[in-house]
Undergrad: 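Once you've had a glance at the structure underneath, I'll fire off some questions.
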Amino acid sequence: MKGIRTITIIIENVKTGDVFPTETKLLTTVGFKKPTDSKTKKYQIRELQRYLSYEKTGKTSRGKVTNEIVITEIYDEPEEKEDNRCNNGSSVISNKIHDYIVSNLEYSYLPVVGSKSSIIRQVGLLDSDFCDCYYNFDENPFFHVVDEEEVPYSAVEKEFFFDYCDKVMGSYKNRLQRVLDNMGDAITIEKCYQTSKLTMSKYGNEYYATEEILDDETIAKINKIKEDVEFTYGVVEKNEKWKIYSSRSKAKKFHEDFIGQVKTLLNDETIKNCYEILYVTRNEDSEEELEHKYDGDSEKLNIAQSKFAEDKILSTLKMTYSVYDGRRMEFVKMPKYNAEDISDDTIKDCMEMVNRSIDMTIDENTGEVFFSNEVLERLSAPTSEFRPKTVDNISSDEWRNITDSEGWGSANPMNIRRGA
C-alpha cells in the first residue's frame, strides 16, 4: 500500500567499533536501500538511530575531513519510535531537552554550559540525588527493611543499580547529542576542560571547587595525555575506545591513570576529576530559527519518563556476559542477572532515579503536590510488570547443571569474561 514503509533492519550485520566511509554505506549494510534523495536518507538515518549511535572519526584526506564514521554503541533494545504527529513517547523527553537549550539561548542570551551529564541534570530529567547515590553509594548505601531491620543491598543488587544508572545516563547523553546535531547551524559548540578539586574553606570545611581550562595549549596537552593513556589500554584508533569501557574496573583504572598525569601536568595533587565541558551558544551568523518543540504537557512527559525508566530496568535485566566453553573453544552468552536476585526495593530505587515529576501541580496554600490519576497509576505500578515475561534468566542450580552436562565441570573464574 502506498505510503507505508516496511523496513527490516539487520542489526546483526554490524558491531560496536565498525568503521564506514559514509552514512550511506552503513545504511545499506544494515538493510536499507540506497537512498535516492535527501528526504529518504534523513528518514532512514532517523530510523537507524533508534538502534545504534555513531560519530565521525575525524579522519582527513588531502587536507579535508572525510565523512568516515564509527559505531559507538548498539542499544540493547530499539529506542521508542518518534511520532511527529502526536509528539508522544521518547520524543517528549528529547523535546524537553531541546526546549531547555532553546529557552536559555532565546531569553537569556547566555550559553548553556556543562558536561553532557551536567546538562542532563540541568534539564531536570534525573532525581536530585542521582549523583550522590551513584558516586557516594558506599557512604550512603541503599538498604531493605526486613523484619524491621536494615539489610544492605547485596553485591548483585549494587552491580545492577550501577548498570542501570549507566544505561540511563548513556541514553540521555545520546539524546542530548542528537538534539544538538539536529539544531545544525543555529548553534555553535565549543569544548574545553574543567577540573574539580578538593579545597578547604577558611572555616575549615572541605568542598569541591571547579576551574575551567580555556588555554588552547593546555587543552592540547590534556588531549595528548588522554590519547597516550588510551594507547596503553590498546586503543590505537578512535573506534577502539570500547576496550576501555568493557568493564567498570578497567574504566576506573583508566580514569585514575589519566587524572594522575593531569595532576602532574597542572602541578596540582588536589585535582579529583578532569572532564570535557560544552559551551553551547546561539550562532548569530545563522538565519535558522530556534523553535520550541515541547508542548508543556507535563502528564505526557511524566508518563514518558516512567516508560523510559521501565525500559532501562528491563534492558539491564537482560544484560549478558560471556563464558568460555573450553570444549567448543568459543564464548557463549549467559544472563548477567537472575531476576529473582533483584528485590522489589531495588527496582523501586532504580525507578526513583529518573525524575517522573518534572512539572507538578502544587496547591499554593498547602504546598501539596497533585498528579492525574493516570500518572499516579504509572508511578505506583507493581514492580512485577518490570520482570521478563519469559524465563530468559538461569538460576545457579540450572547453571551448574548446564556446565556439568556440557563437560565444563565447575565454573573456572579464569574462563569468565564480563562485558560481552
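Everything numeric here is computed off the predicted structure, so don't read it as measured data. Excluded from the calculations below are hydrogen atoms, water molecules and symmetry mates; all remaining heavy atoms, backbone and side chain alike, are included.
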Undergrad: Any heavy-atom pair between the side chains of Leu26 and Phe32 that's under 4.5 Å?
TA: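 No - every pair of side-chain heavy atoms lies 4.5 Å or more apart.
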Undergrad: Using a 4.5 Å cut-off on heavy atoms from C-beta on, say whether the side chain of Ser196 contacts that of Thr210.
TA: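 Result yes, sub-4.5 Å side-chain heavy-atom pair found.
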Undergrad: Can you confirm whether Met351 sits close enough to Glu310 that some side-chain heavy atom of one is under 4.5 Å from a side-chain heavy atom of the other?
TA: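 In contact.
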Undergrad: Report the C-alpha separation of Ser103 and His292 in whole Å, then their side-chain angles, then the decisive distance to 0.1 Å, and conclude whether the side chain to side chain contact (heavy atoms under 4.5 Å, CB included) test is met.
TA: CA-CA 8 Å; Ser103 296; His292 290 272; 3.4 Å; yes
Undergrad: Are the side chains of Tyr337 and Asp163 in touch, meaning some heavy atoms are under 4.5 Å apart?
TA: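 Yes, at least one pair of side-chain atoms sits under 4.5 Å.
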Undergrad: Verify the distance criterion only: is there a donor paired with an acceptor across the side chains of Glu55 and Thr72 at less than 3.5 Å?
TA: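 Checked: Glu55/Thr72 side chains show no N/O donor-acceptor pair below 3.5 Å.
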Undergrad: For Glu288, does the CD atom have more than 12 heavy-atom neighbours from other residues, nucleotides or ligands under 6.0 Å away?
TA: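 Yes, because the 6.0 Å sphere around CD of Glu288 holds more than 12 heavy atoms from other groups.
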Undergrad: So do Leu278 and Val112 actually touch side chain to side chain, heavy atoms under 4.5 Å?
TA: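 No, side chains not in contact.
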Undergrad: Would you say the rings of Tyr75 and Tyr51 are close, in the sense that their centroids are separated by under 6.0 Å?
TA: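 Ring-ring flag for Tyr51/Tyr75: false, centres at least 6.0 Å apart.
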Undergrad: Which residues pass the side-chain hydrogen bond (donor to acceptor under 3.5 Å, both in side chains) test with Gln49, not counting sequence neighbours?
TA: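 So Gln49 forms no side-chain hydrogen bond (donor to acceptor under 3.5 Å, both in side chains) with any residue.
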Undergrad: Check whether any side-chain heavy atom of Ile97 lies under 4.5 Å from a side-chain heavy atom of Ile120, and answer yes or no.
TA: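 Answer yes - side chains close enough.
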Undergrad: So do the side chains of Val156 and Asn338 get within less than 4.5 Å of each other, counting heavy atoms only?
TA: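 Contact flag for Val156/Asn338 side chains = no.
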Undergrad: Could you go through Lys224 and Asp228, starting from their C-alpha distance and side-chain angles, then the distance that decides it, and tell me whether this counts as salt bridge (Lys or Arg N to Asp or Glu O under 4.0 Å)?
TA: CA-CA 6 Å; Lys224 183 63 167 59; Asp228 290 344; 2.9 Å; yes
Undergrad: Is Lys15 salt-bridged to Asp18, going by a charged N under 4.0 Å from an acidic O?
TA: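 Yes, Lys15 and Asp18 are salt-bridged.
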Undergrad: Got more than 12 heavy atoms from elsewhere within 6.0 Å of NZ, Lys263?
TA: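 Yes.
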Undergrad: Considering only residues two or more places apart or on different chains, which pairs with a residue in residues 19-29 satisfy salt bridge (Lys or Arg N to Asp or Glu O under 4.0 Å)?
TA: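 Pairs touching residues 19-29 that pass the test: Glu23-Lys41.
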Undergrad: Answer yes or no: is there a side-chain heavy-atom contact under 4.5 Å between Tyr172 and Phe308?
TA: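 Side chain of Tyr172 against side chain of Phe308, heavy atoms only: contact under 4.5 Å found.
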Undergrad: Output all residues satisfying side-chain hydrogen bond (donor to acceptor under 3.5 Å, both in side chains) with Thr264, sequence neighbours left out; order by chain, then residue number.
TA: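 side-chain hydrogen bond (donor to acceptor under 3.5 Å, both in side chains) list for Thr264, sorted by chain: empty.
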Undergrad: How about Glu256: does its CD atom have over 12 heavy atoms from other parts shown lying under 6.0 Å from it?
TA: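 Atom CD in Glu256 is packed in, count exceeds 12.
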Undergrad: Do Lys307 and Asp311 sit within salt-bridge range, that is, some charged N less than 4.0 Å from a carboxylate O?
TA: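 Yes, charged N to carboxylate O under 4.0 Å.
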Undergrad: For salt bridge (Lys or Arg N to Asp or Glu O under 4.0 Å), just list the numbers for Glu217 and Lys221, CA-CA rounded to whole Å, side-chain angles, deciding distance to a tenth of an Å, and then say yes or no.
TA: CA-CA 6 Å; Glu217 183 178 351; Lys221 289 180 179 179; 3.6 Å; yes
